[in-house]
Colleague: 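Next up is a structure, given as structure tokens.
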Protein chains: 2
Amino acid sequence: MVVLTSESITPHSREADSKVRSTRIRSAIRGDFDQAQEQIAALVPQPLDPSRSYSAQIHAILRDPIVRGHLPPGAALSEASIAAAVGTSRTPVREALQHLVQEQLVQVYPQVGTRVAPLRVALIREGCFVRRTLECANLLDVVNTITGAQREEIRSLLSRQQAALHDGATDALFQADEEMHRRLFEFAGRSRVWTLIAGTKLHLDRVRWLLLDRIKGHAERILREHTTIVERLMANDTAGFCSEMQKHIDAVAVHLLELRSCLPESYFSD
Amino acid sequence: MVVLTSESITPHSREADSKVRSTRIRSAIRGDFDQAQEQIAALVPQPLDPSRSYSAQIHAILRDPIVRGHLPPGAALSEASIAAAVGTSRTPVREALQHLVQEQLVQVYPQVGTRVAPLRVALIREGCFVRRTLECANLLDVVNTITGAQREEIRSLLSRQQAALHDGATDALFQADEEMHRRLFEFAGRSRVWTLIAGTKLHLDRVRWLLLDRIKGHAERILREHTTIVERLMANDTAGFCSEMQKHIDAVAVHLLELRSCLPESYFSD
DNA sequence: TCTTGCATACTACCATGCAAGTATGGTAGT
DNA sequence: ACTACCATACTTGCATGGTAGTATGCAAGA
């Protein structure tokens with residue numbers, strides 16, 4: 001497959017220079033839209049709930065498989081196919097796709113097609129910076145105010161992770177992980193900061209799910225790191241906490257390179 | 001006008017309990033949708049450019065006046081009115097509004113109306129945390145790698161701010177300010193971190209524009225602080241830089257309280 | 001064999017119409 | 001005077017149709 005570089009094609013730009021793009025690259029944008037329909041249809045769990053917004057439900061249905069890698073970078077997402085798969089008109093599908101565009105999970109090429117966005121190395125690298133910076137800064141405040149009950153809650157979330165790993169339930173492991181980090185922000189009255197991070201975390205999670213499938217013992221490593229981090233937290237060792245947290249988050253960026261060598265180059269960009 | 005509290009009404013929730021909301025509060029949601037049309041029409045500079053996406057253009061047309069306070073919190077934004085004002089159908093207007101919803105600048109109450117979101121104190125307070133944390137952390141890296149030319153660029157952006165203040169051009173002042181901060185991230189290869197911050201900065205800017213109108217000498221104070229910050233940067237005094245930057249950004253949160261006393265309570269939330 | 005041109009089938013974008021839900025103002029009944 | 005009710009005029013959510021732009025594959029020509 002021809003590589004889609006972000007230099008050659010800028011999504012949603014109708015500028016004059018779009019005329020001069022080579023046909024060779026353009027043809028890479030279209031292509032396998034045919035298999036899209038059944039691929040999407042398999043993701044729809046059940047008929048949509050008419051009492052809730054269709055757009056929101058479709059957004060959720062699409063986002064999860066993108067982040068988890070079931071819809072790989074470059075996968076075609078045509079409005080009509082998805083609409084047929086979920087059983088609605090194209091309108092709510094379109095709104096869901098626009099939402100995903102803003103999250104930078106898909107790219108729309110006007111009049112051409114919509115595709116799952118590649119893994120953008122720069123986005124991931126900078127996402128690591130944002131996460132580790134905000135989480136460390138937040139923790140410096142939390143350690144001064146944390147209560148015994150809150151300590152206990154964190155500890156219990158860690159043991160939930162251990163149990164999940166033991167059962168091989170990576171879903172539950174990730175969920176407990178997410179909740180642990182979120183709670184640390186809520187302890188400092190910063191729940192909205194976490195929702196901000198959650199937006200950038202989407203891109204880090206795309207890498208993490210891929211790593212989980214390809215790299216042996218990855219889940220074990222995650223849990224080991226979490227354990228170390230919580231130990232530092234319990235010991236009020238903020239410096240140690242920050243350095244461990246930093247290593248833990250930046251591991252995504254480090255392993256990204258390794259991932260790049262065993263996956264199609266078209267999965268990546270930047 | 002009746003206060004719209006976020007506890008009483010959750011946007012875009014079609015849950016069963018929506019039936020029990022009191023009529024008194026609901027009636028506050030609708031109301032002055034009549035004056036919306038001409039209010040919006042005054043904001044449209046010229047006919048839209050058909051060669052670019054209508055949605056994006058409408059989004060830009062609406063966002064600026066919201067951030068600047070020309071469309072105050074609570075202002076009605078009905079799809080039909082805006083569509084008539086800009087001369088398109090409701091579809092691209094709808095997409096622009098959805099975009100603004102994601103930026104948390106407007107709230108949509110299904111089947112009731114769409115309004116400019118109030119100034120959310122928590123969002124602003126936590127936005128300050130995000131900005132000061134990321135900007136300080138970024139600068140710790142920048143000071144080690146900054147070149148002479150980059151130093152000169154920052155200095156020139158500061159003098160552009162001085163010139164703008166002298167001319168009373170607050171627009172140009174804000175623009176140069178924004179570019180200065182953005183460049184500091186680009187120096188470290190983190191342009192995407194800045195776009196992330198720009199999203200939270202929207203809410204801080206809403207406060208800043210209001211302050212600029214109400215508080216005498218506010219522009220002068222901003223420039224004074226910028227000057228101090230750049231001085232610290234030039235002197236490689238990173239600790240001083242961070243503390244000044246912190247004061248500068250947190251000033252928004254501090255003055256927010258003061259602003260709350262001289263503006264309708266309905267402008268605020270949380 | 002290779003290139004060029006064109007019909008065709010797709011795409012996303014936008015316009016329009018309908019449906020479901022909600023606030024408002026007037027009216028009938030108490 | 002006051003309350004309950006209902007017609008009406010809004011709102012947003014969704015469905016559908018038309019349009020401009022793009023890739024593809026075939027056919028005609030060099």
Side-chain angles (χ1 to χ4, degrees), chain A residues 2 9 11-16 18-34 36-37 48-58 76-84 86-98 101 106-115, chain B residues 2 9 11-16 18-19 21-34 36-37 48 50-58 76-84 86-98 101 106-115:
Chain A
V2 179
I9 305 174
H12 218 287
S13 74
R14 294 192 199 167
E15 279 74 34
S18 65
K19 296 283 183 189
V20 303
R21 298 184 314 214
S22 82
T23 304
R24 181 107 183 296
I25 289 177
R26 280 222 293 271
S27 62
I29 300 173
R30 279 193 100 262
D32 48 0
F33 271 77
D34 308 326
Q37 174 106 21
L48 270 51
D49 176 3
S51 69
R52 296 189 300 126
S53 157
Y54 284 177
S55 321
Q57 292 180 74
I58 296 170
L77 298 171
S78 107
E79 292 178 2
S81 308
I82 300 171
V86 302
T88 69
S89 79
R90 300 190 319 270
T91 308
V93 173
R94 192 176 159 69
E95 293 178 5
L97 287 175
Q98 296 290 345
V101 166
V106 311
Q107 290 181 334
V108 173
Y109 303 91
Q111 330 296 359
V112 178
T114 303
R115 286 183 173 276
Chain B
V2 179
I9 305 175
H12 216 289
S13 74
R14 295 194 199 165
E15 278 72 35
S18 66
K19 296 283 183 188
R21 300 185 314 217
S22 81
T23 303
R24 181 105 183 294
I25 289 176
R26 280 223 293 271
S27 62
I29 300 173
R30 281 194 97 263
D32 48 1
F33 271 77
D34 308 326
Q37 174 106 21
L48 269 50
S51 71
R52 295 189 301 126
S53 157
Y54 285 176
S55 321
Q57 293 180 71
I58 296 170
L77 298 172
S78 108
E79 293 177 2
S81 307
I82 299 171
V86 302
T88 71
S89 77
R90 281 176 41 217
T91 307
V93 173
R94 195 175 158 70
E95 292 179 7
L97 287 175
Q98 297 287 346
V101 166
V106 312
Q107 290 181 333
V108 173
Y109 304 90
Q111 330 298 0
V112 178
T114 303
R115 289 183 171 274

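Just so it is clear: chains get the letters A, B, ... in the order the sequence lines come, proteins before strands, and each one is counted from 1. Keep in mind that the numbers below use all heavy atoms, side chains included, and drop hydrogens, waters and symmetry copies. As the structure is a prediction and not an experimental result, all values here were calculated from the model.
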Colleague: Given atom CG of A:Leu48 and atom C1' of D:dG13, what is their separation to the nearest angstrom?
Modeller: 13 Å
Colleague: Could you report the tightest heavy-atom contact between B:Ser55 and B:Ala96, atom names first, then the distance?
Modeller: O-CB, 3.6 Å
Colleague: Quick one: CG on B:Leu77 to CD on B:Gln107, what's the gap to the nearest 0.5 Å?
Modeller: 11.5 Å
Colleague: I need the CZ-C1' distance between A:Arg52 and D:dT12, as an integer number of Å.
Modeller: 18 Å
Colleague: With a cut-off of less than 4.0 Å, is there a side-chain N or O of A:Arg94 near OP1 or OP2 of C:dA12?
Modeller: no
Colleague: Compare side-chain N and O positions of A:Ser55 against OP1 and OP2 of D:dG13 and report whether any pair is under 4.0 Å apart.
Modeller: no
Colleague: Side-chain donor or acceptor of B:Arg90 under 3.5 Å from a matching atom on the base of D:dG13?
Modeller: yes
Colleague: With nearest nucleotide decided by heavy atoms, which residue, B:Glu79 or A:Pro92, maps closer to the 5′ end of DNA chain D?
Modeller: B:Glu79
Colleague: Taking a pair as Watson-Crick (N1 to N3 plus N6-O4 or O6-N4) or G-U wobble (N1-O2 and O6-N3), both under 3.5 Å, which stems of 3 or more consecutive pairs involve DNA chain C?
Modeller: C:1-30 with D:1-30
Colleague: How many Å lie between CZ on A:Arg115 and C1' on C:dC10, as a whole number?
Modeller: 13 Å
Colleague: Taking only the side-chain nitrogens and oxygens of A:Thr91, find out if one of them lies under 4.0 Å from OP1 or OP2 of D:dG13.
Modeller: no
Colleague: Separation of B:Gln57 atom CD from C:dC14 atom C1', in whole Å?
Modeller: 13 Å
Colleague: Take atom CG of B:Leu77 and atom P of D:dT11, then tell me their distance rounded to the nearest Å.
Modeller: 12 Å
Colleague: Could I get the full list of side-chain contact (heavy atoms from CB on, under 4.5 Å) partners for B:Val86, not counting sequence neighbours?
Modeller: B:Val44, B:Leu48, B:Ile58, B:Ile82, B:Thr88, B:Val93
Colleague: To the nearest angstrom, how far is A:Gln111 atom CD from D:dT24 atom C1'?
Modeller: 17 Å
Colleague: On the nucleotide C:dT11, are OP1 or OP2 found under 4.0 Å from the side-chain N or O atoms that A:Ser78 carries?
Modeller: yes
Colleague: Roughly how far, to the nearest 0.5 Å, is CZ of A:Arg90 from CD of A:Glu79?
Modeller: 6.5 Å
Colleague: Check the distance between D:dT12's P and A:Tyr54's OH and give it to me in whole angstrom.
Modeller: 20 Å
Colleague: Whole angstrom is fine here: how far is it from CD in B:Glu95 over to P in C:dA15?
Modeller: 10 Å
